[in-house]
Amino acid sequence: MSSRSSAELFKRAQELLPGGVNSPVRAFKGVGGTPVFFQSGSGSRMRSVEGKEYLDYVGSWGPLILGHTHPRVVEAIEAAARSGTSFGAPAPAEVALAERICGSLPSVEMLRMVNSGTEATMSAIRLARGFTGRDKILKFAGCYHGHSDSLLVKAGSGAQTLGVPDSAGVSRDVAANTLTVEYNDLENFKSVMEREGAKIACVIVEPVAGNMGVVPPSESFLQELRSECSRHGALLIFDEVMTGYRVAWGGAQLRYGIRPDITTLGKVIGGGLPVGAYGAGKELMGWIAPNGPVYQAGTLSGNPLAMAAGIATLDVLKEPGVYDRLEAISARLADGLAAGAKAQGIPVRVQRVGSMLTLFFSSFAVKNLQGAKQSDGKAFSRYFHAMLEQGVYLPPSAYEAWFVSLAHSEEDVDRTLAAHAVALKKVSEAA
Ligand SMILES: *Cc1c(COP(=O)(O)O)cnc(C)c1O
């Protein structure tokens, strides 16, 4: 156990780190209260510095699909570390991980490793702009693609607005090149493409949205993005940083049968270490330096520890029946959450694709950012704290995905559902 409590650590952290954290959502601003500091994790559980055990549905925001400290991942990292933590020169593990990814994603013949999802999407956009010679990009409101300047933009009220920066420090010139449309809104999408299509370098999308809570693509959404992009000579980027190897072996492009031009990856492919990647067909990837004119580099890119963790993770995921197991345990959780709410007459929507899900306090299905924002954030905060008290660690925001891992057992789910019933009672008592 740490000699300092979470409250003491958070107090000190706020003097040393902005907001006391190294990534904003960890600070509990969305739900109030003091963040829990953790000292260890094992399987589906994490232990706080106070020694309290929590069932974890954050999974480090997606990477830990095998759970915490999976023995094969830990062994791979240990072995790699003993051989050298970084060379700044080519090493075999980079080829080994690239072989696995290129062999499983139909649209990816070559890829470049980077160190985060943010770097992957930022570089993919540069590639799209370099290749097409066009400046504008189109994204969907509520889709998060990391924090690079041109992607820190969402719609104002109403669709097809010109980009307005989401953050101080993003120049208006940069933001003005980012067009935004509501997710699942094909009518607006098509009219923007009609008007601006010839100037648009790429359309970037989360093929299953997970960063406004889980919002699946509507029936023909991805198909229409594909055909409109082809028609106007814009590249289609699937940002699979969250969905890659999460919603299926290979990701959303396999699950929905759509072939993007560029794919971005992160999270699961790093097995809990900092990794991102972007990949495409050979012609497009030929534009990347040193062979082509689009510059992109990284001191620690393809890091041997990160490659080892990624390889070990993908090798476990490749075993037969793995995704069926993940699907079954995730369905058990989602169905139980919905049934528990129904039993108490509380309007809740549980939206799930594979092992990512969100419980919205909403009486209607959430299809876009506007819908997500109409869900009851106060109810979620009460619910979150009631779950936390009972030892269930959920994302500290109403607009995030919960992640189920292969380490979650039926007993874990049943314990979660028992806590859920208690938490919902508290929510309705407070209302
Ligand atoms: C997490 C995420 C990113 C950013 O990845 P980082 O590693 O946090 O920079 C980009 N796109 C999507 C879809 C994500 O979920």
Side-chain angles (χ1 to χ4, degrees), residues 21-27 57-65 105 111-128 137-154 166-167 178 180 183 202-217 222 225 236-248 251-253 255-256 260 262-279 296 298 300-303 306 309-310 313 351 353-358 369 372 395-397 399-403:
V21 291
N22 282 307
S23 194
V25 73
R26 298 179 197 168
Y57 289 103
V58 176
S60 190
W61 301 94
L64 300 185
I65 196 166
L105 286 171
L111 59 80
R112 171 62 61 80
M113 297 291 177
V114 292
N115 303 289
S116 68
T118 293
E119 248 189 280
T121 53
M122 178 186 77
S123 310
I125 295 230
R126 185 179 304 143
L127 171 58
I137 64 171
L138 188 151
K139 75 178 284 291
F140 295 91
C143 283
Y144 177 67
H145 303 293
H147 64 85
S148 72
D149 282 0
S150 42
L151 290 165
L152 265 190
V153 176
K154 67 178 175 191
D166 249 358
S167 161
T178 302
T180 312
Y183 199 76
C202 62
V203 171
I204 184 167
V205 68
E206 287 183 70
V208 176
N211 285 290
M212 52 180 143
V214 173
V215 177
L222 299 174
L225 299 194
L236 178 61
I237 303 178
F238 270 14
D239 180 358
E240 298 230 42
V241 170
M242 187 184 288
T243 55
Y245 303 92
R246 166 61 67 179
V247 300
Q253 55 196 270
R255 191 171 174 125
Y256 296 98
I262 307 177
T263 300
T264 56
L265 295 164
K267 298 190 172 127
V268 169
I269 65 156
L273 270 69
V275 178
Y278 61 103
Q296 187 273 310
L300 291 172
S301 294
N303 175 265
T313 298
Q351 302 195 171
V353 177
S355 56
M356 49 193 270
L357 65 92
T358 296
L369 182 61
S397 159
Y399 313 107
E400 297 285 357
W402 308 13
F403 295 102

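Counting starts at 1 for both ligands and their atoms, following the listed order. Computed from a predicted model, the values in this text were never measured in an experiment.
- In terms of heavy atoms, A128 sits closest to I237 at CB-CD1, 4.5 Å.
- Side-chain atoms of W61 and V25, non-hydrogen and from C-beta on, do get closer than 4.5 Å to each other.
- Here the shortest heavy-atom pairing between L111 and A277 reads CD1-CB, 4.4 Å.
- At least one donor-acceptor pair closer than 3.5 Å links the side chain of T358 to the backbone N or O of E400.
- Between atom CD1 of residue I125 and atom CG of residue D239 there is a gap of 9.0 Å, rounded to the nearest 0.5 Å.
- Protein residues having at least one heavy atom under 4.0 Å from any atom of ligand 1 are S116, G117, T118, Y144, H145, G146, E206, N211, D239, V241, M242, K267, listed by chain and number.
- Within the 4.5 Å cutoff, the side chain of Y183 has heavy atoms near those of the V215 side chain.
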